[in-house]
Amino acid sequence: MLRQVAAGVLVHESEFLQSNAVVVQGPTGVLLIDAGLQDHEMACIANDLSGLGQTVVAGFSTHPHWDHLLWLADLGTAPRYATARCAAAAQDQLSEDAKAEITAHLEPTGIAERVPLDLFGLVTALPAGAAEIPWDGPLVRIIEHEAHAPGHAALFIEERGVLVAGDMLSDVLIPMLDLNGTADPIEDYLAALRLLEGVAGGADAVIPGHGSVGDADQVHERIGRDRAYVHALRAGRVPDDPRIGPSAQPGWEWVGDVHEGQVQRLAQRNAGS
Ligand SMILES: [Zn+2]
């Protein structure tokens with residue numbers, strides 16, 4: 001079910017990983033950001049929109065990870081945009097082999113057969129460095145940066161006071177660095193947080209890719225918490241972070257393993273350099 005989080009901005013939260021799909025209302029239809037995961041959930045969004053007399057006039061994927069590149073035919077045939085680098089990375093995942101890998105990866109979760117891959121990854125690249133999403137609704141600024149995934153983009157809808165953070169600023173997931181082939185994932189991540197901080201003053205709500213929607217205070221708190229985590233990683237300290245260890249929310253205990261994995265991979269990178 002769609003839930004309003006700001007004037008003209010609605011969110012659908014998935015049962016899986018608390019993934020958030022975001023709807024922004026415009027004069028002729030809606031922009032749908034990171035449409036969602038399971039077929040029945042995307043069908044629910046399509047159904048809610050048709051109940052509101054709205055159609056999807058544009059889509060956007062914040063980054064090229066499988067859970068942000070999905071789509072369902074019921075949502076229509078509007079262009080689905082992504083940054084140029086996100087679209088290039090999505091392109092590499094369109095083969096049947098790559099899709100089979102996603103399905104195999106999902107097997108242990110029990111939702112593999114509910115994740116439709118027919119329209120997976122069919123995004124349209126925006127020009128490199130595009131500053132906004134081309135549509136007739138409220139201005140949606142693209143804040144592209146190097147963090148988490150190639151071409152990762154947060155979106156800032158100033159008129160509605162909403163920051164859509166992609167896979168950053170989550171209350172349940174720690175910063176997950178892009179450790180594949182990037183020269184300096186730690187500094188990249190810190191630079192990305194500074195970009196988000198640059199618009200945080202105008203945000204009354206932050207919507208992370210996974211986790212709960214936060215209010216104006218949360219925007220600043222989450223930036224500070226993510227930065228503190230990355231600083232701890234850089235210094236080789238054990239982070240004092242509520243998202244890992246005994247204070248992790250029920251069902252999210254595995255985030256501690258993600259942290260351990262990052263520590264190891266960073267150590268390997270440093271040893272190799
Ligand atoms: Zn991601």
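The first residue in the sequence is number 1, and the count goes up from there. Ligands are counted one by one from 1 in listed order, and the atoms in each one are counted from 1 as well.
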Inset, instruction - Please list all pairs passing the side chain to side chain donor-acceptor pair (under 3.5 Å) test where one or both residues lie in residues 86-113, with sequence neighbours left out. - result: none
Inset, instruction - Flag the pair D67 / F16 as yes when at least one side-chain heavy-atom distance between them is below 4.5 Å, and no otherwise. - result: no
Inset, instruction - Run the salt-bridge test on R85 and E144 with the 4.0 Å N-O cut-off and return the result as yes or no. - result: yes
Legend entry - Test: D34 and R80 ion pair at under 4.0 Å: no
Name each donor-acceptor pair under 3.5 Å that joins a side chain in residues 43-60 to protein atoms two or more places apart or in another chain, with its distance.
from	atom 1	to	atom 2	distance (Å)
D48	OD2	L2	N	2.9
S50	OG	N47	O	3.3

For residues 130-141, tabulate all N or O donor-acceptor pairs below 3.5 Å that involve a side-chain atom, not counting sequence neighbours.
from	atom 1	to	atom 2	distance (Å)
W135	NE1	P138	O	3.2
D136	OD1	T28	OG1	3.3
D136	OD2	T28	OG1	2.7

Inset, instruction - Quick one: name the protein N/O/S atoms under 2.8 Å from the Zn ion (ligand 1), chain by chain. - result: H63 NE2, H65 ND1, H148 NE2, D167 OD2
